[in-house]
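For reference, the structure is listed below as structure tokens.
The chain is numbered in sequence order, starting from 1. Counting convention: from 1, in listed order, for ligands and their atoms alike.
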Amino acid sequence: MTTHIATVAGIAVDTRHWIGGARVASATTFTDESPIDGRVLAEIARGGQVEADAAVAAAREAFPGWAATPRQERAALLRAVAEGVEKRLEDLAIIETTDNGALLRSHRRGVMPRVAHNFRFFADWLDGLGHDDFDTRGHTNHVSWDPAGPCVLITPWNAPLMLATWKVAPALAAGNTVVLKPAEWSPLTASLLADIAAEAGLPAGVLNVVQGYGAEAGAALVAHPDVRRISFTGSVPTARRIAQAAAANLVPASFELGGKSPLLVFADADLDLAVDLAVEQYDNAGQVCLAATRLLVESSIAEEFTRRFTARAQALVQGDPRDEATDLGPNIHPRQLDKIDGFVQRALAAGARAVIGGERGDGLYYRPTLLTDVAQDSEIVQEEVFGPVLTLQTFDTEDEAILLANDTRFGLAATVATGERDRAERVTARLVAGTVWVNCFFVRDLRAPFGGSRESGVGREGGTWSFDFYCDLKNTVTAPKGWQDHG
Ligand code: NAI
Ligand code: MG
């Protein structure tokens with residue numbers, strides 16, 4: 001007998017797709033493991049062309065009804081989803097931690113509350129969404145934000161439900177229907193989201209979840225001709241493939257990709273703050289697209305900075321992500337760990353020096369690592385590692401700092417630590433990045449545009465920018481004359 005329910009951390013999770021308001025199994029499954037101990041968590045339905053077709057058909061069928069649902073009703077349903085997330089916050093937190101290895105304490109306190117906030121925020125934003133009418137010689141131009149149609153949303157494993165709902169919420173708020181394909185290394189919370197949405201009363205087919213591998217389910221979804229928007233967060237090579245599929249159907253696509261972001265530390269900075277900001281880059285075991293993995297430190301303070309950084313980094317507690325005291329959990333998958341170690345060993349072989357770390361720990365844990373003596377054009381400085389691995393380079397002048405900071409294919413974020421306002425203004429004006437933080441890190445406001453420059457992405461989402469992407473904007477021009485006068 002096959003059961004389609006897995007019990008994870010004592011909680012039941014349906015392992016099937018969610019298509020057109022029903023659970024749907026596949027002929028085959030794939031295995032989902034926990035990075036904490038390698039234990040098998042579930043056999044998940046392995047979707048492909050058939051499931052992609054069914055899900056897009058369901059989304060297409062549900063679209064006219066959802067698009068015609070008044071904004072206030074859509075907003076009320078999204079708020080009900082937010083409440084459902086809050087009701088199951090503990091379940092979502094422990095399941096996400098068990099599935100992807102990120103810290104339970106941050107899932108509880110930061111990530112899952114933000115998931116609920118994603119739904120509430122975009123529900124609220126609908127109220128203010130509009131545009132002043134233009135007047136053209138007495139003609140009015142009225143701009144309306146029409147829903148675009150079925151959207152395919154493809155998401156990664158480093159912050160699975162947070163990044164998925166950052167797309168799902170505005171897509172649904174705009175009046176679109178959605179097919180979500182979560183990453184195969186962290187498929188579980190998306191399944192719970194389907195339960196929560198159904199319980200909140202979201203009509204059948206408005207939100208669909210297809211499980212499976214990127215090359216199978218993902219590729220079939222992004223190539224489907226009935227899809228009207230594609231939004232993707234993940235790696236650059238996959239983005240190129242998706243962009244080709246989107247180009248074939250002329251479908252607008254939004255990409256939020258990786259980075260190799262710098263943290264610039266000037267001698268005039270509050271050094272304790274700068275060290276705090278640097279150590280923070282090990283969060284989520286370095287599996288953060290925004291992470292400032294290149295520490296650029298003014299030469300005159302480099303020694304002192306390194307001394308304090310090392311003391312702080314060595315005090316980090318590495319261990320089970322379910323423990324309150326843990327700072328650094330495991331990396332997601334043996335393949336990711338091999339990839340991380342490959343980068344580090346090649347860097348060491350090329351002459352880099354490990355100030356700390358430089359090696360694996362037990363299981364899927366990687367020792368927090370800081371490498372110096374790295375060349376600007378070397379692989380370790382230019383490629384995204386996506387693990388707890390930072391490099392340290394020094395500079396002597398502001399110009400040199402900016403040159404190093406911008407000498408990358410990426411442009412997702414940059415962080416500047418300085419005690420001088422004038423310097424902050426000069427430097428931030430010249431940095432190429434979608435987000436720049438000054439004397440802070442990771443402060444996010446959903447009203448602000450978010451995305452990457454260069455190979456870090458295409459497009460911006462957040463607030464009105466999300467609706468700009470998920471809507472078909474329509475301008476209706478009405479003449480002042482031609483009306484029958486019934487007066
Ligand atoms: P990936 O980009 O291949 O996976 C992300 C998502 O894309 C997953 O849901 C996957 O199933 C899907 N996908 C893969 N191939 C697809 C295709 N042909 N068509 C449609 N969907 C497809 O990333 P992967 O391999 O898991 O990680 C590799 C590297 O990517 C990491 O080491 C890291 O450097 C980077 N990365 C960046 C992230 C970010 O937040 N910007 C998130 C995850 C990974
Ligand atoms: Mg997993």
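What sits closest to atom 44 (C) of ligand 1 on the protein, heavy atoms only, is Phe386 CE2, 3.8 Å. Of the protein's non-hydrogen atoms, the one nearest atom 43 (C) of ligand 1 is Pro156 CB, 3.5 Å. Among protein heavy atoms, the minimum distance from atom 34 (O) of ligand 1 is reached at Glu384 OE1, 2.8 Å. Given atom 5 (C) of ligand 1, the protein heavy atom at minimum distance is Phe232 CE1, 3.9 Å. The protein non-hydrogen atom at the shortest distance from atom 23 (O) of ligand 1 is Ser235 OG, 3.7 Å. Ranking the protein heavy atoms by distance from atom 12 (C) of ligand 1 puts Ile154 CG2, 3.6 Å first. Nearest protein heavy-atom contact of atom 20 (C) of ligand 1 is Gly218 C, 3.2 Å.
Of all the atoms in ligand 1, the ones that sit under 4.0 Å from a non-hydrogen atom of Glu184 are 8 (C), 10 (C), 11 (O). For ligand 1, the atoms closer than 4.0 angstrom to any heavy atom of Gly258 are 41 (N). Residue-ligand proximity, Ala219 to ligand 1, at heavy-atom distances under 4.0 Å covers atoms 19 (N), 20 (C). Which parts of ligand 1 touch Asn158 is read off a 4.0 Å heavy-atom cut-off, strictly below it: atoms 40 (O), 42 (C). Near Ile242, with a cut-off below 4.0 Å to any heavy atom, the atoms of ligand 1 are 19 (N), 20 (C), 21 (N). Taking a cut-off of under 4.0 Å to the non-hydrogen atoms of Leu257, the atoms of ligand 1 that pass are 41 (N). Every atom of ligand 1 with a heavy atom of Thr238 under 4.0 Å away is listed here by number and element: 1 (P), 2 (O), 3 (O), 7 (O), 13 (N), 14 (C), 15 (N), 16 (C), 22 (C). Applying the 4.0 Å criterion to heavy atoms of Cys289 picks out, from ligand 1, the atoms 39 (C), 40 (O), 41 (N).
In the model, Ser235 has a side-chain atom that pairs as donor or acceptor with a side-chain atom of Thr238 under 3.5 Å. No hydrogens or angles considered: a donor-acceptor pair under 3.5 Å links the side chains of Ser254 and Glu461. Tyr282 and Asp327 are not linked by any side-chain donor-acceptor pair at a separation below 3.5 angstrom, with hydrogens and angles left out of the test. At a cut-off of 3.5 Å, with distance as the only test, no side-chain donor of Lys260 or Thr408 sits close to an acceptor on the other residue. No hydrogens or angles considered: nothing links the side chains of Thr15 and Arg23 as a donor-acceptor pair under 3.5 Å. Side-chain contact check for Thr464 and Trp125: at least one donor-acceptor pair (N or O, by modelled atom type) lies under 3.5 Å.
The minimum heavy-atom distance linking Ala148 with Phe63 is given by the pair C-CZ, 4.0 Å. Listed here is the closest heavy atom pair of Gln211 and His17: N-ND1, 3.0 Å. Closest heavy-atom contact between Asn100 and Pro35: C-CG, 3.4 Å. Considering all non-hydrogen atoms of both residues, Cys289 and Glu256 come closest at SG-OE2, 3.6 Å. Looking at every heavy atom in both residues, Asp283 comes nearest to Val288 through O-CG2, 3.6 Å.
Atom 25 (O) of ligand 1 is never approached by the protein to below 4.0 angstrom, counting heavy atoms only. In this structure, atom 41 (N) of ligand 1 is in close contact with the protein, since a protein heavy atom lies within 4.0 Å of it.
Any N or O atom pair closer than 3.5 Å counts here, and Thr233 shares no such pair with ligand 1. At least one N or O atom of Gly214, backbone or side chain, sits closer than 3.5 Å to an N or O atom of ligand 1.
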Is there a side-chain hydrogen bond (donor to acceptor under 3.5 Å, both in side chains) between Thr233 and Lys167 once you walk through the steps? CA-CA 10 Å; Thr233 300; Lys167 300 179 191 299; 2.8 Å; yes
Run the numbers on Ser453 and Arg460 for side-chain hydrogen bond (donor to acceptor under 3.5 Å, both in side chains), then give the verdict. CA-CA 9 Å; Ser453 301; Arg460 297 289 183 273; 3.2 Å; yes
Before giving the answer on side-chain hydrogen bond (donor to acceptor under 3.5 Å, both in side chains), spell out for Gln382 and Asp377 the whole-Å C-alpha distance, their side-chain angles and the decisive distance to 0.1 Å. CA-CA 7 Å; Gln382 293 295 332; Asp377 63 355; over 6 Å; no
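Using cut-offs of 30° and 60° for the angle between ring planes, the Phe30 and Tyr213 rings count as tilted. The aromatic rings of Trp157 and Trp185 sit tilted, their planes meeting at an angle between 30° and 60°.
Distances from atom 29 (C) of ligand 1 to the heavy atoms of Lys339, Lys181, Glu383 put Lys339 nearest.
With a heavy-atom cut-off of 4.0 Å, Gln336 touches ligand 1 through its side chain alone. The proximity of Thr155 to ligand 1, defined as any non-hydrogen pair under 4.0 Å, is limited to the backbone.
Less than 2.8 Å away from the Mg ion (ligand 2), the protein contributes these N/O/S atoms: Asp32 OD1, Glu33 O, Asp99 O, Asp99 OD1, Trp185 O.
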